[in-house]
Structures are given as structure tokens and as C-alpha cells.
Amino acid sequence: MSESRIKERIQEVTGRPHPGKVRIFADTSKFMDISAGDVIRVGGRHYYIYGEETEGRFGLDEQPKFWVKRARDLETGQRKIMKLAFFESFTMDLGDVRVECFRSPRKEARILGKTRSDPSFMQGISTEDDAGNVVRILDRINGISIYGYLQGHKASHEEYFHQEFPRLFPFVVSSVRAIARLHGAHEVHGDIRNDHLWLDRDTGDWRWIDFDYAYEWTENPFGVDLYGLGNVLLFTAGNGFFNLMDMSACLPPGTPGNTCLEPEDFSLFFAHRVMNLRKLFPYIPESLNRVLMRFSHKVEVLYADVGELIADLEECLPDLGIRQQG
Amino acid sequence: MECPQDHVILVAVDQSENSCRAVDYLARWAACYEAVRIVLVNVVKEPSEDVLPDKDERDRYMGEKLEAGKALLAKVQGTLESVGVPSSRVATKTLLCVPPATISDTLLEEKASDAYDTIVLGRRGMSKREEYIFGSVATSLIREASDVSVWVVA
């Protein structure tokens, strides 16, 4: 595509003329230098950059992710997310367990290939730029994360649990099955969180996103995903998390309160997070509560793999009035 | 009843303290029984390309690990000899663990390839949280091993 044609397409796609000369990047090594108004040429196509993705966690300020660009494919006009190569290693806290984590474009590109056409995963392609950097070009999901979805539900827990949760739970189980498929392909998601499971409003599918975190340890590579799935299950069953501090919220300041909760009722990873939801909401079926308690201090036998978790979740379906499909 | 000719023990060794404890325990016992044959095994795991994308770095890493493993096996063999286990009854092996295989997968593969009666290893003493995230070689072996006894030295 010639420069003049690029400028024409920019105007056609954005509705606005591009002022001045277009900067075209075929080497994305210095992603900080690439900003709105620039074009990335990769894989034989041109992508117009109109900004950066941001990420805020659970109400905190949105932080720009300079290596993740918002783009328009200049051939099709489609909106894309372009993830450029950014190598970092850092220590992540999973509860009070510190793990060393590595950001791996190669890993995410590989998983994109293995999950192509799987409706439970974000879709996209990967290619290399002129410098050999792995660039992932992702389809934007028109939707909302499960975190955002549940934030919008202001009903009482009882109303939520009897009306919304039975509709949502089969999708959660389906998303857990997707992780099992990933593990079967010898891959790890690596960053399972409530804001990494998205409802695609165009298709009605729940899709996992952002699987570029890699780890190095000798034995069970899937434990980190099991940990994440436990959090997602708790969040959806509870329509949020319940922490010990909340228990005394109704008492006058300085008043000692008794609680029915014991240390074993709390998360194995987060000391104040209630896992034994049945003590708060007695209508939660015992079968579902048993699953949650497998992530608590009371656990004696850890889930060995996601298959065991799925078997237990399937036992919950009849107790929630849900008929198992397929 | 006929006494077994040989009792073959696979001992998984690494640089950890609990591995040393397992060897010390075995040494006290093995010196007294002539029928015991010991195979000291050090498993070296290849790093993932996702974590170390540079091939030269990976090769350097493996070189260092293999050297360290060789030295460790020699040291442990020396420990056994010093308590009276003859060198004729001790062999050493280095096994490569290639992802996506795990350490326990590699040990079980070795067990399947030869006639081992017992696997001995040290218990790492992880918290439940750590075991949830990282897994435990000892727990995996206890769950997956068959036709063999597993001694976990705590």
C-alpha cells in the first residue's frame, strides 16, 4: 500500500484526514515510540494506531499498557488490539505465595494458534515484524468482563443466586472446561482473573483473554490456573467477595462481635476472604459449597487437575436446577 | 521364602536439604543390606522457551545444571561409600526432563524402563498454598506410582 493510499484509507476508516506525514513502523521493538496516528506494517498488512489499551484492576485508575495498541486494519477497517513484544519478569503474589512470572509473546501466540475457532478464547493471529518480534493481532471483543457484568447486578444475593446465577453458572462451567482443553494441549493460561473472562455480546460466548504469562517450576504447571479458577467460582457464587472486615460493618465501633466463621472457612490464599459461603447464605447447595471449600484452609486433598474440578462442578448442576447439556 | 537377589532403589537427588536427609537415611540402612543396589538420579529440567527465549542462554543454563548435577551425584556417591556402601552397588544417572513433562513424569518413566523396587526422595515441606500452586513431586509420585514402593523422607 503506497503512502498516499494509506492516508486515504486512514480517512475512510476513521472519518478524519491524517495531518502530515504518516510514520510507518515495520520494526516494533521500540513500542514506546509508536503512538496514535502512526501505522504498523506487519504480516503484509497495515494497521492504523489510534491509542493504547489501558488496564485498571477492580476500581483502580486505568493505567496505559504501552505495548498494547488500539488499531484499525486498514484493509478491512476492523478494530483490532495489537500486542507488541514486551519482555518483563516480575514477582507476582498469589495470596502470600510469591511466584516469578515472565511475560511471553511467543506463548500467547502459540495459544492463539491452538485455540483458533474455539469460542471460549479470544481470537487473533500472530506474526513477526521485520525485527523478528512476535506481534499478536487480536479481534476486539464487544463485551464486558465477568467482573464488570456482576458489578452491574445490584440485587440482593438471594435474588441474584436464585435468578441470575443459574443462568451464569453453566457458562462458568463451560469456561472451566475450556481451561481443561488448554491443559490438554499442554498449555497454561497463567493469569485467570475475573477481568480476564469476557462476555462477547456479539456471539454470547464467554472468552478467556490475556494468556501471555509464563512460569518456570518443576512439578504441577496447572496449579496457578486452578488457583485462578477458584477465585472466579467464588466471585460468581458470591456475586463478589466477602471479607472478614465486612462482618463487623454493622456493629457500633469498638463493639466486639461474634462470628460463626472459623479460620478454616477462609481462603487458603487470602486470609480474610470467606470461602464457606453457605455460612453466609444457607441456600447455597452443599455440593457447590464443597467445591469452594476445596480452596479453603480446610482442604485436605488438593485438586490435582481441572478435570477433578469439572467433575465436582457437574455434580452441582442438578442442585441448582440446571440440566446438564451434551 | 526365597530372599530377593537384589533390591533396586532409585534415589532422586537434588541440591536441597531434604534430599540430603533422604540420602543420609538411606545410607544408614543400605550399608547393612548386601542385596541393595542403589541408583542415584538427578533430574535436570530444560527451561521453557517462553521463559528463556534465547537459545544460547538456554544452552548455557543447561550446561551449568548438568555440571552441577554431575558434581552432586559424585558427592552423594562419596557419602554412601563413606558409610560402607560399596561403589559396585551404586550407580548414577542424569535424566533430562523436557517440558511439558514434570519431574515426577521423568522419574516414573525411569522406573518403567528398569526394574526398580523402591523410589526414595526427600519431602520438600511446602505449605499447602505452595503445594497448590507449584505441585509436589512426592505427592505426584505417591499418587501415580504403581508396582513400586515410595519412601518419602520428611
Side-chain angles (χ1 to χ4, degrees), chain A residues 85 87 89 92-111 132-134 183-188 190 211-228 230 267-271 294-305 308, chain B residues 12-16 18-19 41-55 57-58 61-62 64-65 69 95-109 121-145 152:
Chain A
F87 298 96
S89 66
M92 196 156 80
D93 292 323
L94 303 183
D96 64 359
V97 178
R98 312 208 83 201
V99 299
E100 200 175 4
C101 181
F102 303 83
R103 201 181 282 279
S104 172
R106 178 191 307 273
K107 178 204 171 213
E108 191 167 62
R110 197 173 58 236
I111 292 178
N133 293 304
V134 173
H183 293 177
H186 305 299
E187 298 286 357
V188 175
F211 19 87
D212 58 345
Y213 280 10
Y215 307 86
E216 187 75 285
W217 50 72
T218 55
E219 203 47 30
N220 184 10
F222 306 126
V224 68
D225 281 354
L226 272 164
Y227 155 88
S267 163
L268 185 57
F269 296 95
F270 299 98
R294 291 287 289 270
F295 297 92
S296 74
H297 272 284
K298 195 177 179 183
V299 67
E300 291 294 333
V301 180
L302 307 178
Y303 278 122
D305 55 48
E308 289 185 1
Chain B
V13 299
D14 61 22
Q15 309 282 358
S16 66
N18 40 293
S19 179
V41 167
N42 176 238
V43 181
V44 177
K45 190 160 197 259
E46 277 189 14
S48 159
E49 281 186 32
D50 297 338
V51 167
L52 267 185
D54 185 87
K55 187 178 183 310
E57 267 193 65
R58 287 201 304 280
Y61 174 94
M62 284 303 287
E64 285 167 12
K65 287 290 179 188
L95 301 177
L96 288 184
C97 175
V98 181
T102 62
I103 299 279
S104 61
D105 289 337
T106 307
L107 290 171
L108 287 171
E109 205 180 300
L121 71 163
R123 180 173 157 259
R124 212 178 128 193
M126 283 192 273
S127 67
K128 233 188 263 187
R129 288 183 196 95
E130 286 169 323
E131 189 174 337
Y132 218 124
I133 298 292
F134 302 122
S136 155
V137 176
T139 302
S140 298
L141 280 176
I142 288 166
R143 195 177 51 238
E144 302 297 330
V152 179

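By convention in this document, chain letters (A, B, ...) are assigned in the order of the sequence lines, proteins followed by strands, and residues within each chain are numbered from 1.
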Student: Classify the angle between the aromatic ring planes of A:F295 and B:Y132 as parallel (below 30°), tilted (30 to 60°) or perpendicular (above 60°).
Tutor: parallel

Student: Quick one: what part of A:F222 sits under 4.5 Å from any heavy atom of chain B, side chain, backbone, both or neither?
Tutor: neither

Student: Atom OG1 in B:T139, atom CZ in B:R123: separation rounded to 0.5 Å?
Tutor: 8.5 Å

Student: Taking atom CG of A:L226 and atom CG of A:L302, what is their separation to the nearest 0.5 Å?
Tutor: 9.5 Å

Student: So for B:K128, is it side chain, backbone, both, or neither that comes closer than 4.5 Å to the heavy atoms of chain A?
Tutor: both

Student: Chain B: which of A:H297, A:K107, A:E216, A:E187 shares the most heavy-atom pairs with it under 4.5 Å?
Tutor: A:E216

Student: Using non-hydrogen atoms and a 4.5 Å limit, figure out which bit of A:L94 sits close to chain B: side chain, backbone, both or neither.
Tutor: side chain

Student: Is the closest side-chain donor-acceptor distance between B:S136 and A:E219 under 3.5 Å?
Tutor: no

Student: What residue in B:I103, B:T106, B:I133 has the most heavy-atom pairs under 4.5 Å with chain A?
Tutor: B:I133

Student: To the nearest 0.5 Å, tell me how far A:E108 CD sits from A:R103 CZ.
Tutor: 9.0 Å

Student: Give, as side chain, backbone, both or neither, the part of B:S127 having an atom under 4.5 angstrom from any heavy atom of chain A.
Tutor: neither

